[in-house]
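Heads up: the structure comes next, in structure tokens.
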Protein chains: 2
Amino acid sequence: MVRQNLARRAALVDAAIEVLAAEGARGLTFRAVDAQAGVPTGTASNYFASRDELFTQAGGRIYERLQPDAQTIAESLSGPRDRERVVRLMIELVDRISAFTPGYLALLELRLEATRRPELRAVLTERIRADVEANVGYHLESGLPGDATSVELLYLAMNWLVVERLTLPDVFGEDKIRELVRQAVERILP
Amino acid sequence: MVRQNLARRAALVDAAIEVLAAEGARGLTFRAVDAQAGVPTGTASNYFASRDELFTQAGGRIYERLQPDAQTIAESLSGPRDRERVVRLMIELVDRISAFTPGYLALLELRLEATRRPELRAVLTERIRADVEANVGYHLESGLPGDATSVELLYLAMNWLVVERLTLPDVFGEDKIRELVRQAVERILP
DNA sequence: ACCGTAGTACTACAGATGGAGTGGTGTCAA
DNA sequence: TTGACACCACTCCATCTGTAGTACTACGGT
């Protein structure tokens, strides 16, 4: 029988994210999720019909957890709308993502797994397209400098910057990363 | 006994790259390499002392195979040194990487695996740092427009663009990708 | 206060897969 | 003849899935 305990279901999905980051996509098994969540063996089996469901639900959940909280958004809407503000927003973005390292690594694992699972690919494509569009829309409405293309280019650069930082931190140092964020904004924005 | 047949060893490393792309890091096993290379079970065990060695050797090999060939380099050194040339170089870069999809996907798998294997992390850090430096050096010496930071920013943007293209091709379409390459160059270069 | 029922938590087991490591045999060439 | 190698076989071990079954808990009805 499929279990309905929503708190436990959420805890299992969060555990799945941790497992993805720590063990990779192929390590995402019912057993591993059980262990990570600290619940008895067999529990995840009772909550998810298949591994595929584990992947798609993790993919749906990660984006919720990577979003800025209300306070961060509110702060970003105050003050001058200049390039310096965008620099600070981007630094905040990179730091926020880095603070949820397992989530971002899990997202990369899911992207790679999406090349093998059509259903997961559909979920991620939908989420990420919406995220990019939301960022563009937010940026344009807020009166910050830069057009849609600027936002997309910043999206590209910031994403890979985070990849570098999280996977091979010694390629660029911390200082260099901050500097690259600043330079990216200053050169990409008109 | 450790085997010395270099041709076969190379074939096994190349097979390892294919396995990484197709099965993920955790799927990189001696058995899987044997199967991919079409050699009898147990062969990879005779050539590599451990899975770790398989990872590091794959990491070392991928970058050789992602480099442009001599002809491409020669062509890039002829003609005018303007932004349009850089646009074409970047499009060539993105297409060349996309043409070796398993290699790039394997590299992503290796980056993720590097968060768990210090030895692999050291190898990749070394290779990638050298690659970035080489690109910067090449760019500056060739008289193309743009400074070191420009090259680094293009590196960031192009890498994630390839990630998008290879993992979730429907987020941006093909045309959009070309357009983003062009826009990246035009905005990042002075 | 009692009891039945539904939904869960937890345990256990059956069945199956797949991989690591190693030893041995046959082959070929110097 | 000797050394290196291709190929094959076998043992041991770790792990996963799927499901059945038991124990617990809360809650509504009486």
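Here is how names work: the chains are called A, B, and so on, in the same order as the sequence lines, proteins then strands, and each is numbered from 1.
By the rule that hydrophobic residues join a cluster once side-chain heavy atoms approach within less than 4.5 Å of another member, Phe55(A) and Val123(A) end up as members of separate clusters.
At distances below 3.5 Å, at least one donor-acceptor pair connects side-chain atoms of Arg127(B) with backbone N or O atoms of Gly60(B). Looking only at distances, no side-chain donor or acceptor of Arg3(A) sits under 3.5 Å from a matching main-chain atom of Asn46(A).
You won't find any donor-acceptor pair under 3.5 Å spanning the side chain of Arg51(B) and the base of dA20(C), going by distance alone. No hydrogens or angles were tested; on distance alone, nothing pairs the side chain of Arg8(A) with the base of dA9(C) as donor and acceptor under 3.5 Å.
Nearest-nucleotide mapping onto DNA chain C: of Thr29(B) and Val39(A), the residue sitting toward the 5' end is Val39(A).
With rounding to whole Å, Phe48(B) atom CZ is found 13 Å from dA20(C) atom P. The separation between Asn46(B) atom CG and dC5(D) atom P is 10 Å, rounded to whole Å. Distance CG (Leu6(A)) to P (dA9(C)): 11 Å, rounded to an integer number of Å. Distance CZ (Arg9(B)) to C1' (dA4(D)): 14 Å, rounded to an integer number of Å. Distance, Arg3(A) CZ to dG18(D) P: 15 Å, rounded to whole Å. One interatomic measurement links the two molecules: CG of Asp34(A) to C1' of dC16(D), which rounds to 11 Å at whole-angstrom precision. Between Arg26(A) atom CZ and dG19(C) atom P there is a gap of 7 Å when expressed in whole angstrom units. Whole-Å rounding puts the Asp52(A) CG to dG18(D) P distance at 12 Å.
Dashed line: the shortest gap from a side-chain N or O of Asn5(B) to OP1 or OP2 of dA4(D) is not under 4.0 Å.
Taking every side-chain heavy atom of Phe30(B) into account, dG21(C) is the closest of dG21(C), dG19(C), dG18(D). The side chain of Arg31(B) lies closest to dA20(C), out of dC5(D), dA20(C), dG18(D). The Pro40(B) side chain lies nearest to dC7(D) when the options are dG18(D), dA20(C), dC7(D). Comparing atom distances between the Tyr47(B) side chain and each of dA20(C), dA6(D), dC10(C) picks out dA6(D) as nearest.
At a threshold of 4.5 Å between non-hydrogen side-chain atoms, the residues Glu113(B) and Leu28(B) do not count as touching.
In this structure, Thr43(A) reaches neither bases nor backbone, as no heavy-atom distance under 4.0 Å exists between it and the strands shown. Base engagement by Ser45(A) is indicated by at least one non-hydrogen atom pair under 4.0 Å involving a base atom.
Geometric assessment of Arg9(B) against the ring of Phe48(B) yields a positive cation-pi assignment under the 6.0 Å and 45° thresholds.
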